[in-house]
Amino acid sequence: MLPKNLNTAKLKVKHVLGNHTTLDSYPDYEDIIYELIRDYCGKVAKEIKFTNVSLKKKYSLEDDKANTIVKQLINAKIIEVSLSNSAYTTYEVIKNPYA
């Protein structure tokens, strides 16, 4: 189970200030993982999972942008594929970079 805490010393200034959603770069991979972890900390869930379809829908992302974000999170070893089929891919957050 992922640690359910946010160490403010590890957060980006934009997340501490809460203005990340107003920036031109929103959403980048840091914004997405921050929001997933933030929401996870406030719930009783034992894991964080999302699909490529839900990611695109929630953030109104084009395929290229969503794929880039997913690749960055996989390369940073923050998420991994937990299920894949012809309709969608499910990812699981395996590391809390803010703990």
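- Between Asn5 and Asn96, the shortest heavy-atom contact is O-ND2, 3.1 Å.
- Side-chain contact, Tyr40 with Glu35: no donor N or O sits under 3.5 Å from an acceptor N or O.
- Note that CD1 of Ile79 is 4.5 Å distant from CD1 of Ile74, once rounded to the nearest 0.5 Å.
- The same ILVMFWY cluster, assembled from side-chain heavy atoms under 4.5 Å apart, contains both Val16 and Ile37.
- The side-chain heavy atoms of Gln72 and Asn67, taken from C-beta on, include no pair separated by under 4.5 Å.
- Listed by first and then second residue, the salt bridge (charged side-chain N to carboxylate O under 4.0 Å, His left out) pairs that reach into residues 41-57 are Glu47-Lys49, Lys56-Asp63, sequence neighbours excluded.
- Considering CG of Asn19 and OH of Tyr26, their distance stands at 12.0 Å, rounded to 0.5 Å.
- Side chain of Ser54 to backbone of Phe50: no donor-acceptor contact under 3.5 angstrom is found.
- Between Val93 and Leu2 the shortest heavy-atom distance is O-CD1, 3.6 Å.
- Between Ser25 and Asp31 the shortest heavy-atom distance is O-OD2, 4.5 Å.
- By the side-chain hydrogen bond (donor to acceptor under 3.5 Å, both in side chains) test, Lys12 is found to be paired with Glu30, residues two or more places apart in sequence or in another chain being considered.
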(request) Determine, stepwise, if the pair Thr51 / Thr89 fulfils side chain to side chain contact (heavy atoms under 4.5 Å, CB included). (result) CA-CA 5 Å; Thr51 67; Thr89 303; over 6 Å; no
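- To the nearest 0.5 Å, the span separating OG on Ser84 from OH on Tyr91 amounts to 7.0 Å.
- Cluster membership check: Ile78 shares its hydrophobic cluster with Val81, using side-chain heavy-atom separations under 4.5 Å among Ile, Leu, Val, Met, Phe, Trp and Tyr.
- In terms of heavy-atom proximity, Ala99 sits nearest to Asn7 at C-CB, 4.2 Å.
- Separation of atoms CG (Asn52) and OH (Tyr88) is listed at 10.0 Å; rounding is to 0.5 Å.
- Interatomic distance, OH of Tyr29 versus CG of Leu73, reported as 7.5 Å (0.5 Å rounding).
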(message) Is there a side chain to side chain contact (heavy atoms under 4.5 Å, CB included) between Ile69 and Ile32? Walk through the geometry before answering.
(response) CA-CA 9 Å; Ile69 288 170; Ile32 290 174; 3.6 Å; yes
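- Applying the side-chain contact (heavy atoms from CB on, under 4.5 Å) rule to Tyr34 yields the partners Leu6, Leu11, His15, His20, Arg38, Tyr98; only residues at least two apart in sequence or on another chain are considered.
- Summarising the geometry of Ile48 relative to Leu36, their closest heavy-atom pair is CD1-O, 3.9 Å, with the distance given to 0.1 Å.
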